[in-house]
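The structure appears right after this line, and notes come after that.
Sequence positions, counted from 1, serve as the residue numbers for this chain. As the structure is a prediction and not an experimental result, all values here were calculated from the model.
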Amino acid sequence: MKKILSTIVVLFSLSVFSQNNTEKLPIFESCKAKPEDDACFFATIQDSFKQNFNKEYTAEKSTIIALFAVDTLGKFDLLYIDAASEEIKNETKRVFSLLPVVQPATYNGKPVYAKYTLKVNFPFSDDERTKKKAEDAYRTEKITAKTELKEFEDIVYNKFENPQFKSGLNIPFNHQKYAEFEAYMNQVGTNNHTAEKPYSYKDVARYYDFEKNYQAKAMKKTSWFGRKIWNENLVQMQGDGYWFLMNPILDMRGGKDFDSELQNTFVNTRGLNIQAGLGKNITLTTSIYESQGRFADYYNAYAISLKPSGGNPGTIPGVGIAKQFRTDAFDFPMAEANIKFTATKFFDVQLGYGRNFIGDGYRSVIQGDATSPYPFIKFNTTFWKIKYTNTYMFLRDITPENTAEGTYASKYMANHYLSWNVTKRWNLGLFESVVWSNTNGRGFDPNFINPIIFYRAVEFASSPKSGNALLGITSKYKFNSKFSAYGQFLIDEFSVGDVSKGNKSWKNKFGYQIGAKYFNAFDIENLTLQAEYNIVRPYVYSHSATLTNYTHNNQSMGHAWGANFKELIGIACYTKNRYFSQAKLIYGKRGFDYTDGTNNFNYGTNLFIPYDSETNPRPYDEGAFAGQGNTTTILIGDFTAGYIINPSSNLKVFANIIHRSFDPTKTSATFEKSNTTWVSVGISTDLFNWYFDY
């Protein structure tokens, strides 16, 4: 055995010894006659500089130091230049571009990628000794462990000039934030599309000067600490073709539900928001939240009613699945992200994890933002008077019926929305959507990828039981630059024959919205008044299969209240400098299923009961109306006032009071009449709409 090992070692040693362990420099064509002459490679480069370099830069004494490489194909790659001016750097690049392809450097006879350092002294000299010294400098400037370049130190940071205001970055959709520029977006004669949200800074900047308004609100602070607290992003950086900013996320609020036995309510959120841009075409943002909270009794009960299959106690509306915190509170992390590539002024694509909204109102019966975030891919095409949006969403069903082995079921949704500015005053939108499940290994059905096809036809061809298709129309009319009216109409498996009979068939599954906004009302700048009426008939958003209803994480993808209701909303919003206030009054009638054990009928409110369920049947097929069942009157008054501490991060201090009256026709042990007065104060980074009006 020892002899065998010895033989192997000897043979290996001979093999290594026999190899030509030498490194050879690249060879120019003119140097092939003398391949062993290393000086020829350096001399040829020197001659190229002497012959081609612009003479106006070589008169004064200066030095160029450049790092370059020759790849395995013999092509020169200039990596770094240190020179006295940008002009000399550019001229160096030009001269290098004139160098021909060479025979690459070799090691052990194989082509290798090799780096070299070039040093050229001006003015040039014909003295042979000087030339020889330059060649020696070439040969001794090879990279060693001690070689250091100035490339890292030479990175230049420009003055931060709020480049996000001119970029394609999405503006976080928040009603209070959007109120700042909504009047400008709704002027008569604008060729924009206000229903599809969130907006980008670039789209809004055509009408609203972000920088001017930012400077108008800026406080005169000279210290770093003062500027970061009151005016600037915590971290902001702008370089050559890129920018980056970062802010902490805070939501620290405390309050009291005066009709509850709970000692107090609270929210404790810490997080981080990052925004960035790369070149003119790529923007990205991400927000990470870590939160704990306890709310008013009605909101806690609603969160528990949305609980997922498994051991989690609830789902926080608009946020996501919650874990138990202590004995009577929730722990609810959340994350949002978006990366957008703007290919041209006509087209952009987004890969996101968040929410989308379609409409000009406070609510939307077509697609709302009251649900928790979800992954999506969105394509926007804008040209002439048209904006066409295709959104593909990846949703989740967390009901016990569709949970297997502790894993929630997946489903998918695809939307088309065509917005057309018919005139300078009138906008018309067409909407279609389909939800389908991952049954039979169907996955993301390629039939629904086509951006211009009618989903209803595809869904019918695939089997109407496997998909849920909805159609909609939106409209807005500007009477003048201060007053506009808007509306929506949604059709979910609409039956024309039953409509013509006038018998209020349950099959007439539709919802609609009408509303109006008055900007700078009564000539008071930044005062916006809004009135809105929403109605969604029973069984809308539900389907023959639980999995294909119009929901995500047990929350409606349309109106926040789901189905079987009527709702009237009045809103007054006012801002002045950094101060803001909003008053909101909501009156509605909702129809719930009975919980007193008298019947088990499905009156069309619960989106998770199939509309043709045998265990929970419909009470009647004709005579259905919005608010049927255990009709409940809901009255919500909501007033918020506050002060924006930092407009860059939208950090604000606020006080809020909500009064809610909930009055069902028939009460039970689990369905009681209640009155709530909930007061909260706090400090919050407001980046999304968090709704408490249920």
If you define the side chain from C-beta out and look only at heavy atoms, does anything of V679 sit under 4.5 Å from F258?
yes
What I want to find out is whether R294 reaches D328 closely enough, with some N-O distance under 4.0 Å, to be called a salt bridge.
yes
Heavy-atom check, side chain of S287 versus side chain of I249, under 4.5 Å:
yes
Take N689 and Y362, measure what side-chain contact (heavy atoms from CB on, under 4.5 Å) needs, and give me the verdict at the end.
CA-CA 10 Å; N689 292 314; Y362 175 71; over 6 Å; no
I473 vs L430, test: side-chain contact (heavy atoms from CB on, under 4.5 Å). Steps then yes/no.
CA-CA 5 Å; I473 185 170; L430 302 176; 4.2 Å; yes
When the aromatic ring centroids of Y298 and F662 are compared, is their separation below 6.0 Å?
no
Ring centre gap for Y594 and F671 strictly below 6.0 Å
no
Verify side-chain contact (heavy atoms from CB on, under 4.5 Å) between H552 and Y550, making sure each step is shown before the conclusion.
CA-CA 7 Å; H552 166 64; Y550 201 63; over 6 Å; no
Partner of W506 under ring pair (Phe, Tyr, Trp, His ring centres under 6.0 Å), chosen from Y603, Y611, Y620, F625
Y611
Check the pair M334, S372 against side-chain contact (heavy atoms from CB on, under 4.5 Å), reporting the backbone distance first and the verdict last.
CA-CA 9 Å; M334 186 182 77; S372 54; over 6 Å; no
Any chance the rings of Y412 and W436 have centres within less than 6.0 Å?
yes
Taking the six-membered ring where the residue is Trp, are the ring centres of H175 and F173 under 6.0 Å apart?
yes
Is the shortest side-chain N to carboxylate O distance from R590 to E567 below 4.0 Å?
no
Among N402, T548, T551, whose side-chain hydrogen bond (donor to acceptor under 3.5 Å, both in side chains) with K411 holds?
T551
Can you name the nearest heavy-atom pair linking A563 to V540, along with the distance?
CB-O, 3.4 Å
Would K652 pass as a cation-pi partner of F580, given that its NZ or CZ must be under 6.0 Å from the six-membered ring centre and within 45 degrees of the axis?
yes
Taking the six-membered ring for Trp, are Y302 and Y694 closer than 6.0 Å centroid to centroid?
yes
